[in-house]
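The next block holds one structure in the form of structure tokens; read it before the comments.
Below, read A as the first sequence line, B as the second, and so on, with proteins coming before strands; counting in each chain starts at 1.
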Amino acid sequence: MDGYDPAAIEPKWQQRWIDDATYDIDNDDPRPPYYVLSMYPYPSGPAHIGHVRNYTFGDLLVRYRTMQGDGVLSPIGFDSFGLPAENAAIKTGTHPRVHTDANIERLSSSLRRIGAVYDWRRTLSSHDPDYIRFTQWIFLKFYEAGLVYRATAPVNWCPGCQTVLANEQVLADGTCERSGDMAQVRELEQWFYRITAYAEELLDGLDGLDWPNRVKTMQRNWIGRSEGAEFTLPIADENGQPRHDIGGIPVFTTRPDTSFGMTFAVMSPEHTRVSELTADHRRAEVEAFIDAVAERSEIERLSAGGPADKRGVDTGTRVVNPFSGEAIPLFLADYVLTTYGTGAIMAVPGEDQRDWDFAIAYGLPIIRTVQPPDDFDGEAYTGDGPSINSDWLNGLLMDEAKAASINWLEEQGIGERKTNYRLRDWLLSRQRYWGCPIPVVYCESCGTVPLPYDDLPVGLPDDVAFMPTGRSPLVDHPGFLHTECPGCGGPARRETDTMDTFVDSSWYFLRFADPRNQELPFSQEALERWLPVDQYIGGVEHAILHLMYARFFTRALSDLGVAPTGLREPFQRLFTQGMVRMGGGKMSKSRGNLVAPENIIEAHGADALRLSILQVKPPAEDVDWEDFGLEGCARFLGRLWRLAAGTAERANPARSGPATEADHAIDAATHRLIDRITSEFDRWSYNTAVAGCMEFTNELYRYMQADDGPHHDTLAFAIDTLLLVMAPMVPHICAELWEVRRGENIHAEQWPTADEAKLVLDTVTMVVQVNGKVRDRIEVAADIADAEAEALALASARVQAHLDGDAPRRVIARPPKLVNVVV
RNA sequence: GCCCGGGUGGUGGAACUGGUAGACGCGCCGGACUCAAAAUCCGGUUCCCGCAAGGGAGUGAGGGUUCGAGUCCCUCCCCGGGCACCA
């Protein structure tokens, strides 16, 4: 048999898996269903090494679960809408569809070349007319249910991308996550998904998910639940008494227990009632302040710095603290946000540092209402302690005082318990061409009119020019723009905004269950069979955006009766794999440091690349390309080949007949291998699984070269088992060797099971310690008794030397692993 | 500031529940084979002292619990990530 030649065997097997439909799966397959999904990729061209890592992990699992007897759903699709294709069109004149379709072909081919297997019959792309149709269909369903609305709001505009962005797409430093440009705030009318309606459910639902803690924490932070109270501060008249002819200012607080310490109140400069509530003698200053705030960039405003005395202005109006009955000044300040809570706050300088700073800057009184500890030397005290200066709350601790103050507000009828969320509604409209059109028209007489379901899909016209105008070409396409109102038949203008591409990725995993359905996005039966996804795999960069939007869509579709009622979460288990970096930095097209897997596959083969990916690091961690031990892995596969093909050098020919002790040892090691690899696959410990296979191979080489030679049956069983457990990792070489050895298809074989009886060791190396330091190792029977182990340990010459004639003070025996002699 | 990860040889990492620290790979060193090289096979490789036997030190720092700590607890330092004027 010839030497190992990956270039010869890999294409053969890749073709075979397609021809044999090995990984095609029907919805009535009798095997237990198991759904493995790697996040569908954006088709930017051929795969880069990061893709390869991602899809190798998924592929391993697909193959492993298949061998375990599951009917595995392994689909792949393409997140094919998006800005890069449109930007490329502006540069080169090539239509985004042409560009995208070509890239999908390249990426698909790369995925096949690394040996990743999918049910290609189920493939889909966001820009398929079918897919567009149902993305729009879902939009209309949400519209009917009030989960989509159009509103004017301050939104983030990215000058680089020439479109608005969702909150989630703006990074902490105010820049766009795509282009890196500083986002600008603009007041625009846009489309929103009402994800806030699900804030509480999305938060609580995290508890039941088998996801990395890190991701759950990130979502919890993002949703940001605050529990407290909302109540109204009446406007004061000139005598400081509450006015009843005019509504008060509602405020939200998480510390109602400190309300007696409220010495002023603050509204956001954008609050709708600013003008109404500004006293005439303060109007000029207030207006000057509002102008100054408007000039300040969002990032300036949100960064914590800045002198406190420039941050606010007195409105001249007073409000009443309902707890103390005192009239207190009403300020405006730039740090109070219109978009959170009620856009107005009560200020308690004694227990809030921002309020403290503000009070010092404006000479406002500070009253402590929580007794700080004796050794406290800070300013505002935010910890727990007995209430003081708080009348009927005095003496109560924080939790009791919170409850008491909320009860009082409710009894008085001026406030109530309230929970607020940081999460904002999802801005879904984009002023770009290459996305899913929003299926709505604007009619002069009927207003905003959703299209009837029968008119779907609203496609993208192909005859458009891509010019760097900063405008979507749809705006300049009269045929697209001008249409008829489906309500009155009069002239109407089509919505030219398209949807955020995260809308497409919010339901693709559902479509995979029933990808050719022409009536509905999917049938309930198909979802009941496959969903939730048993194992979802993707990058941690999607921890908030995609993973939260997809959860929202799944819950909403379930509530609307489109998806099964019981389907509340799309992804039961999530694995987030790390990135591949280059020289410690990100790998990207723009840096020109992408590693092309094509070259590596040509030089060493796809299996060697896969093995090096598995071996180099635990899959959850980031890895530098420089650390990939490609040579070592290629060397090992050569070793495996020579072993299994029977061309490895041997001291003596194989024996038959009765088994020797060495044969039994190899046999036991083989069963331990099965046990080890199974548990390592189950806990995603692929790097140690590779190590285990290498160790076992080394052991087999030593066995073969021993003086009396290997036993034929023992060796054959060991090698066959090694090929079986390695088949999910390096599928081509194992398939080829298995076919040569057994004439069958290894990927149709059952996963081996270890014989429990053979996992039990006869003898074990027992460690003997003196004062916790290892002094001797003794080979003992695995079932050795305490007393015997102790006796053996004490009899050891090395132990005796350390005892120096003294009797041990204590002996701890943990047979058969260890005895510790304490002197 | 708050919340998650993480810090182990020259190097990527291993040690899953407190019990042989450094598996496996890379690199390096040596041996076999060869005219030679490559490939292959075998062996060595935490550091320090020692020819060796052996001894000592050692998992970011310091303390603690324990017969025994990389692993548990406390204090702190460093790196990565998330949230952050959210009331």
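Under a 4.0 Å N-O distance rule, the pair A:Glu626/A:Arg581 does not qualify as a salt bridge.
For B:rG6, the base adopts the anti conformation, since its glycosidic angle falls more than 90 degrees from zero.
A distance of about 42 Å separates the C1' atoms of B:rG80 and B:rC42, rounded to the whole Å. Rounded to the nearest Å, the gap between the P atom of B:rC24 and that of B:rA15 is 13 Å. If you take atom P in B:rA37 and the same atom in B:rA32, they sit 11 Å apart, rounded to whole Å.
A:Gly632 comes within contact range of the sugar-phosphate backbone alone, with a heavy-atom separation under 4.0 Å but no base atom that close. Within the nucleic acid shown, A:Arg225 has no heavy atom closer than 4.0 Å to any nucleic acid atom.
Residue A:Ile544 has its side chain nearest to B:rC83 when only B:rC83, B:rA15, B:rA87 are considered. The side chain of A:Asn698 sits closest to B:rG25 out of B:rG55, B:rG25, B:rG13.
Atom CZ of A:Arg422 is separated from atom P of B:rA84 by 4 Å (rounded to the nearest Å).
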Check: protein-nucleotides 66-73 of chain B nitrogen or oxygen pairs below 3.5 Å:
residue, atom, partner, partner atom, Å
B:rC67, OP1, A:Arg810, NH1, 3.0
B:rC67, O2', A:Asn820, ND2, 3.2
B:rC67, O2, A:Asn820, ND2, 2.6

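Side-chain atoms of A:Gln353 come within 3.5 Å of backbone N or O of A:Ala380 as a donor-acceptor pair.
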